[in-house]
Protein chains: 2
Amino acid sequence: MDQVESVRDFNRYYTRRLGVLTDRYLGQARPLSEARLLFEIGDRGDVRDLRVRLGLDSGYLSRLLRSLERQGLVRTRAHPDDGRVRIAELTEAGRRERAELDTRSRAGIGELLERLSAGQRRELIDAQRRIRRLLRLAAVTVRPVDAGAADARRCLRAYAGELRERFPEGYDDTALVDPAELTGDAGVLLVAYEEDRPVGCGAWRRLAADVAEIRHLWVAGPARGLGLGRRLLEELEAHASGHAVTTLRLGTHTALTEAIALYRSSGYRPIPPYDSSPYHQLSFAKRLAGPDVSWAG
Amino acid sequence: MDQVESVRDFNRYYTRRLGVLTDRYLGQARPLSEARLLFEIGDRGDVRDLRVRLGLDSGYLSRLLRSLERQGLVRTRAHPDDGRVRIAELTEAGRRERAELDTRSRAGIGELLERLSAGQRRELIDAQRRIRRLLRLAAVTVRPVDAGAADARRCLRAYAGELRERFPEGYDDTALVDPAELTGDAGVLLVAYEEDRPVGCGAWRRLAADVAEIRHLWVAGPARGLGLGRRLLEELEAHASGHAVTTLRLGTHTALTEAIALYRSSGYRPIPPYDSSPYHQLSFAKRLAGPDVSWAG
DNA sequence: CCGAATCTCTGACCTGAGTCAGGTATCGGC
DNA sequence: GCCGATACCTGACTCAGGTCAGAGATTCGG
């Protein structure tokens, strides 16, 4: 069986098993969308927000809320600052109901886990962690973005903020590269998106005819551990390679230990300092294989 | 986060990701139940069978078939041997449609896999295999069954048939234990069920006040590799232990290499032959820890 | 202060999915 | 050849889930 077929097969099996579980433990009495809404409201939530998060039609959501209100599970009131927006909050009964649903769902999973040994349970959870990491990584798309655009600036601001925290000497924003230097043949800024949210970036900037430097490689906190840094680095190399760059340099700070490990394991070798940036305590370089190299394998 | 929460979290993530995929690649134009039916019919299938496999109401299934027939995707005719049963088969257009759905679904998964490296793909598939194995194992329930009941006899017949194949000298059914000896304090037959289908069995039979023997430990072909043999053995030990048995013996055939490995790794030690069965080329024994031992951890 | 935009709500409508109660044809056993 | 069981079909119904068009309240920008 090929890989695609194997994944499809797993999907079929998993959804079927999951269906049985949720049918038995959650789907009693209450429609699924109401149950989901109860969870999503949390203790309170404004309706506009709920609509976006659950992706529901405003009319439909309104009706669902009305239904929960009739059942005494939810109360709504106007937003204090914006009279158009309404706030939904769970009543005491609503909180009990949600806790009940929660307990039932936990019980279903708990029963399932009980039939496994401790080692098997750990194996299950570990395998789920791996799958999730890989699926998240596969969901991330990386594309060039104008360095002055909103998403790009948000990434760079987050990057700078983090360096300010991590460097004992702080970080001065003026060390950021000028957006104008990352266009056309002069360089590029790549932004990684997970479900339309920017979760990482990286740039290369030309230093000479066939030499460029990697700058501002950054991955947002919640997206770390996916292997996204490596992927960004690889995409930057491929992109630079396609613009006649044969040597990549970069400078980094001794405080950034994960980054240093990444560079080393990606084939970057230490070199003497190539510029005077105070943040470049260590410098590295790598010779690229050529524009037709396939890094995706 | 505790284990139950971790599993729930994975379920939520996975169904959401899966939902996006199937929405985008399968849910176009054709209702899900029709699509599923197209797949399930295969090239042909009798309606009775489809009803059971898909778990549908007969009226509903009939209507679905009528709809597919109107669309020219399915043809039905009477069963040659039984005029009550109808046979559904795909027309040329139906086969094209199914192939189209298949391609689209494959494409979705394929795109996802493409964004991973070869090693990551392998890791994903391996993790899915593990999860599936563990979930199947967790879905299996083991319970005592009267050795004369239909399910029990089916298992024992399958067990005997397999030994007949695997032993060079064949196997004589009269060597099977007498059902009457597996009741009350004299012994028990446990049957393992996966979703209501019997997929394995095992028995213990009393030989003396505190001695019993394990007999007829068997796992159906499709359920092998789940660790079900070990689980049956453990449940037999616990059950025997609860009936004042302190020593378990068993005899086995040199041809049953997996079984021998299982016994050895479960704490059974070789002993001289304790009976004259021609099939007991090797004999083992194990001392049980006591009736209150917890084997489930 | 006006007009456009935003937010919620209501009513009308639709589809998919499925249940339930019969009815008809056929079969298997006697 | 009759009777009960089996397999199917039809019609009537329910429910969840969701879309669409507008109305009414409120806010925002100029």
Side-chain angles (χ1 to χ4, degrees), chain A residues 15-16 18-20 22-24 26-41 44-71 73-89 101, chain B residues 15-16 19-20 22-24 26-41 44-71 73-89 97 101:
Chain A
T15 44
R16 204 160 52 85
L18 230 60
V20 173
T22 45
D23 280 5
R24 198 141 46 106
L26 218 127
Q28 299 176 345
R30 187 165 306 291
L32 198 68
S33 51
E34 280 188 18
R36 261 180 23 204
L37 186 51
L38 274 180
F39 275 109
E40 210 60 47
I41 289 174
R44 68 164 53 73
D46 67 64
V47 174
R48 169 180 45 182
D49 209 55
L50 290 171
R51 209 180 51 234
V52 175
R53 283 218 302 274
L54 290 165
L56 296 177
D57 173 85
S58 75
Y60 184 34
L61 176 57
S62 177
R63 219 179 325 274
L64 283 175
L65 281 173
R66 229 41 64 228
S67 158
L68 289 176
E69 223 165 355
R70 264 198 313 279
Q71 297 171 60
L73 303 177
V74 160
R75 229 189 339 259
T76 61
R77 54 189 172 78
H79 192 287
D81 301 333
D82 185 338
R84 295 168 302 180
V85 179
R86 310 222 66 189
I87 303 234
E89 52 189 7
L101 286 173
Chain B
T15 44
R16 203 160 54 86
V20 172
T22 46
D23 281 4
R24 201 142 43 108
L26 217 127
Q28 297 176 344
R30 187 165 306 290
L32 199 67
S33 52
E34 280 188 17
R36 260 179 23 202
L37 186 51
L38 274 179
F39 275 109
E40 210 59 48
I41 288 175
R44 69 164 54 72
D46 65 64
V47 175
R48 170 179 45 182
D49 210 55
L50 291 170
R51 210 179 50 234
V52 175
R53 283 218 302 273
L54 290 164
L56 296 177
D57 174 83
S58 78
Y60 184 34
L61 176 56
S62 178
R63 221 181 322 276
L64 283 175
L65 281 172
R66 231 40 65 227
S67 158
L68 289 176
E69 223 166 355
R70 266 199 311 280
Q71 296 171 60
L73 304 176
V74 160
R75 227 188 341 257
T76 63
R77 55 188 170 81
H79 193 285
D81 301 333
D82 186 337
R84 294 169 302 182
V85 179
R86 311 222 66 191
I87 303 234
E89 52 189 8
E97 177 75 13
L101 286 173

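With rounding to whole Å, B:L61 atom CG is found 17 Å from C:dG16 atom P. Rounded to whole angstrom, the span from the CD1 atom of A:I87 across to the C1' atom of C:dT8 amounts to 13 Å. Taking atom OH on A:Y60 and atom C1' on C:dT15, their separation rounds to 13 Å, with Å as the unit. In this structure, A:L32 places its CG atom 14 Å from C1' of D:dC15, rounding to the nearest Å. Separating the CZ atom of A:R77 from the C1' atom of C:dC9 is a distance of 19 Å, rounded to the nearest angstrom.
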Would you give me the side-chain donor-acceptor pairs under 3.5 Å for residues 46-56 of chain B, sequence neighbours excluded?
unit_1 : atom_1 : unit_2 : atom_2 : d
B:D46  : OD1    : B:D49  : N      : 3.0
B:D49  : OD2    : B:R53  : NH1    : 2.6
B:R53  : NE     : B:E40  : OE2    : 2.8
B:R53  : NH2    : B:E40  : O      : 2.8

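Between B:E34 and B:E97, the closest side-chain pair of non-hydrogen atoms is not below 4.5 Å. With contacts defined as side-chain heavy-atom distances shorter than 4.5 Å, the pair B:L38/B:R30 qualifies.
Note on B:S33: only backbone sugar-phosphate atoms sit closer than 4.0 angstrom, heavy atoms only; bases stay farther off.
Across all non-hydrogen atoms, the minimal contact from A:A88 to A:I41 is O-CG2, 3.7 Å. Nearest heavy-atom pair across A:L101 and A:A35 is CD1-CB, 3.9 Å.
Annotation: proximity of residues 62-70 of chain A to DNA chain C (heavy atom, distance under 4.0 Å) is found for A:S62, A:R63, A:R66, numbered in ascending order. Contacts of residues 46-57 of chain B with DNA chain D (heavy atom under 4.0 Å): B:V47, B:R48, B:R51.
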In B/S/- notation (B base, S sugar-phosphate only, - none; protein heavy atoms under 4.0 Å), nucleotides 23-30 of chain C written 5' to 3' is ---BS---
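Applying the salt bridge (charged side-chain N to carboxylate O under 4.0 Å, His left out) test to residues at least two apart or on different chains, the pairs with a partner in residues 55-67 of chain A are A:R66-A:E69.
OP1 or OP2 of C:dC9 lies within a sub-4.0 Å distance of a side-chain N or O belonging to A:R86.
If you check C:dT8, C:dA17, D:dG17 against the side chain of A:V85, the one that comes closest is C:dT8.
In terms of the side-chain hydrogen bond (donor to acceptor under 3.5 Å, both in side chains) criterion, B:R75 has no residue partners (sequence neighbours excluded).
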